[in-house]
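None of these values were measured; they are calculated from a predicted model. Below, chain A is the first sequence line, B the second, and so on; all start at residue 1.
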Amino acid sequence: MPVFGCAESLAHPATRLVRPNPLTARAMADNTTLHAAFAGQIHAALDALEAKGVLPAGLPRHAVTLEAPRDPSHGDLATNAAMVLAKGAATNPRALAEALVAELAALPLVAEASIAGPGFINLRLADAAWLGELGAIAALGADYGRSTLGAGTTVNVEYVSANPTGPMHMGHCRGAVVGDALAALLEFAGHKVVREYYVNDAGAQVAVLARSAHVRYREALGQAVGEIPEGLYPGEYLIPVGQALAAEFGDRYAAAPEGEWLGLFQARAVAAMLVMIRDDLALLGIHHDLFSSEAELQARGKPEEAEAWLRAQDLVYDGLLEAPKGKMPEDWEPVALPLFRSTRFGDDQDRPIKKSDGSWTYFGADLAYHYQKAQSADALVDIWGADHAGTVKRIKAAVAAMTARDGAAKPFEVKLVQMVQLLRDGEPVKMSKRSGNFVTLREVVEEVGKDVVRFTMLTRKPEAQMDFDFAHVVEASKDNPVFYLQYAHARICSTLRKGAAEGFAPADGALHRLGAEELELVKLAAQFPRLVESAAVAREPHRVAFFLGDLAAAFHSYWNLGNDRVEKRFIVAQDAELTGARLFLATQIGQVIRNGLALLGVVAVEEM
RNA sequence: GCGCCCGUAGCUCAGUUGGAUAGAGCACGAGCCUUCUAAGCUUGGGGCCGCAGGUUCGAAUCCUGCCGGGCGCGCCA
């Protein structure tokens, strides 16, 4: 991440960056992380070089980075400043690095500053710097890692948005979890977040739902309906809907023409489906702030408004729809339809916003819907299944066009979530849509548990395909990342319990007693605030899961030192001072694990 | 045919948005339990980062073209 890029300046206002020594107890209380503090120090050092005339004033610093080197032997922090700025300073990287090192080495918490390779500057921090971070974790507790990066701007995250025609199934699961974790991550990173669900209650699908409910309604009235007709939803979940309709309306609509009951049954059935969907989502701990109805959007004339404005801009015109590019339908005929000029924004062809019967296409309404969302947010994120990848360009085009209406176009991203293949003992689980025999979210959550489902969905980057094997995700071994992480936390808790039973409490009075191995653990945990920020910027919650895996591994590794060396155990009975410091360390590592798991919506268990 | 995603150890995947000698788990080999949970840890071998060019101080990462896999390509949603 650029030290002085725009994200960084949002997060850490200039006043903080120029503070002479941010690494003080007071700075810690302000939630200044070590990383942010040293970004400021480098800035200050470069200013000093400018003042001395070593560096020309005003060189762009956006490419300057400060990061923890991959190889810990290189030090705690590294910057490429000398390499990046050497050309502009008309000198070579090493000469500039030497000048910069002289400035940085003088800082109180820098133990060592050295030049490496082509001109990297490696900083090794004093132990006190890391021990201070341990104190910061304790002071901030559940807020450790919380960032001001988002600067209070509002991000609307739309996720799930499954058609309200049945229960949630596993096809919806990954997007639901990724969206929900992303929402939590953005909130933690300082954004206001709106969690939104778009209810497609206006299209052909919900008419089919209403007809299906009507069959179940007649069934509830005692009619023999036989097999559910082809093309309708056969699922048994509509039986109670039919019963409720029968109880409410008696036989009034049993033989009535469709026109008399379709709208009514549709509304009743959609409402019932939404109750069911919310219950299903609640099983995963997912709660949206807002359910937006497509039918309502249309009733308020929003698509018409959008069309009128787009026509005025010549972004919608009446034209001939191009033939589909793939396999050609036999009944294809060219028709004139109102088309949005998405080709101007890189799409392959212009896209219809209305059907030939005058009703809105999904896209036509969706365009107006996104404009509606943009009015109350600074940025939009949609989480979609990969099967909708083909429509990304048109909606991005539409949002760019529509939001330009109010000034600059709003940032808008579509995150595609790839398919999950369900396996049972290595064999694909067969799903037949025709019979309505899909694996529901509820079944899976009830079988393996909420935490397992959520964590597993986040153990892969969203755009990579994933297998979900029922046997593997509940396995109690280190092969299973959910378990591995929970086990680390449970170990910490059991250690604290045992310590308490023996009369020891965590204490920060003698943290200097902690050795090199303990500091390694602290250094890793201290990466958490920066990780939160980079994961939020990238909109990638899975990074939190991977970080926690690394932290758990480091913890288990440290723990096992005690196998061979009794003096490295957390509880050293004859040394209360050291035990207090170690238990303090354990407490704070546990805190970071909890904070990370909280972002993922996973409960940290205290014993297993 | 076109668009999007993916291609990294035998397998499953990370890779800090362009940084230093590309990492972890599984599997395979060798070790560690009188213990705060061995449900764990240590250690060894294993790589043309799909291929070929390009951009620059520097590429697994960015650009172009191929190859292979997945998803999609009606006025459906």
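Side chains of A:Tyr362 and A:Gln205: a donor-acceptor N/O pair is absent below 3.5 angstrom, by distance only. A donor and an acceptor atom, one from each side chain of A:Ser293 and A:Asp201, are located under 3.5 Å apart. Looking only at atom types and distance, the side chain of A:His472 has no donor-acceptor partner in the side chain of A:Asp467 under 3.5 Å away. Between A:Asp357 and A:Ser359, the side chains place a donor N or O and an acceptor N or O closer than 3.5 Å (distance only, hydrogens not considered).
Between A:Ser494 and B:U37 there is a side-chain polar atom (N or O) within less than 4.0 angstrom of OP1 or OP2. A sub-4.0 Å separation between OP1 or OP2 of B:G74 and a side-chain N or O of A:Arg351 is absent. Residue A:Trp559 has no polar side-chain atom (N or O) positioned under 4.0 Å from OP1 or OP2 of B:U35. Residue A:Lys355 places at least one side-chain N or O closer than 4.0 Å to OP1 or OP2 of B:A77. Between B:C13 and A:Arg460, a contact under 4.0 Å exists linking OP1 or OP2 to a side-chain N or O. Here A:Ser557 reaches the OP1 or OP2 of B:U42: one of its side-chain N or O atoms lies under 4.0 Å away. Under 4.0 angstrom from either OP1 or OP2 of B:C41 there lies at least one side-chain N or O belonging to A:Tyr484.
Under 3.5 Å, the side chain of A:Asn122 and the base of B:A20 form at least one donor-acceptor pair of N or O atoms. A donor N or O paired with an acceptor N or O is found under 3.5 Å between the base of B:G40 and the side-chain atoms of A:Asn560. With hydrogens and angles ignored, a donor-acceptor pair closer than 3.5 Å exists between the side chain of A:Ser356 and the base of B:C75. Residue side chain A:His542 does not reach the base of B:A14 through any donor-acceptor N/O pair under 3.5 Å, judged by distance alone.
The aromatic rings of A:His542 and A:Phe546 stand perpendicular to each other, their planes meeting at an angle above 60°, with 30° marking the opposite boundary.
Within the shown strands, B:C67 is the pairing partner of B:G7 under the Watson-Crick or G-U definition, both distances less than 3.5 Å.
Mapping A:Arg543 and A:Glu606 onto RNA chain B by nearest heavy atom places A:Arg543 at the nucleotide closer to the 5' end. Residues A:Gln527 and A:Asn563 both approach RNA chain B. Their nearest nucleotides, taken by heavy-atom distance, put A:Gln527 toward the 5′ side.
Among the heavy atoms of the strands lying under 4.0 Å from A:Met608 is at least one base atom, whether or not backbone atoms are also near. Among the atoms of the strands shown, base atoms are found under 4.0 Å from some heavy atom of A:Ala78. Heavy atoms of A:Ala204 sit under 4.0 angstrom from primed sugar atoms or phosphate atoms, though from no base atom. Using a 4.0 Å heavy-atom criterion, one finds that A:Ala386 contacts the sugar-phosphate atoms exclusively.
In this structure, B:C33 is classed as syn because its glycosidic torsion stays within 90° of zero.
Stacking annotation: A:Phe120 is not stacked on the base of B:G19 (requires ring centroids less than 5.5 angstrom apart and an interplanar angle below 30 degrees).
Here the side chain of A:Arg530 is nearest to one of B:G3, B:U17, B:U37, namely B:U17. Comparing atom distances between the A:Met83 side chain and each of B:C57, B:G69, B:A77 picks out B:C57 as nearest. In the set B:C36, B:A77, B:G3, the nucleotide with an atom closest to the side chain of A:Lys393 is B:G3. Residue A:Thr495 has its side chain nearest to B:C36 when only B:A77, B:G7, B:C36 are considered.
A:Asp387 places its CG atom 8 Å from the P atom of B:C73, with the value rounded to the nearest Å. Note: CG (A:Asp366) to C1' (B:C76) measures 14 Å, nearest angstrom. Here B:U37 presents its C1' atom at 13 Å from CD1 of A:Ile492, a figure rounded to the nearest Å.
A 6.0 Å sphere centred on CD of A:Glu567 holds more than 12 heavy atoms belonging to other residues, nucleotides or ligands.
The gap from the C1' atom of B:A60 to that of B:G18 amounts to 11 Å, rounded to the nearest Å. One P atom belongs to B:A59, the other to B:U16, and the distance between them is 16 Å to the nearest Å.
Closest approach of A:Leu597 and A:Leu548 over heavy atoms only: N-CD1, 3.6 Å.
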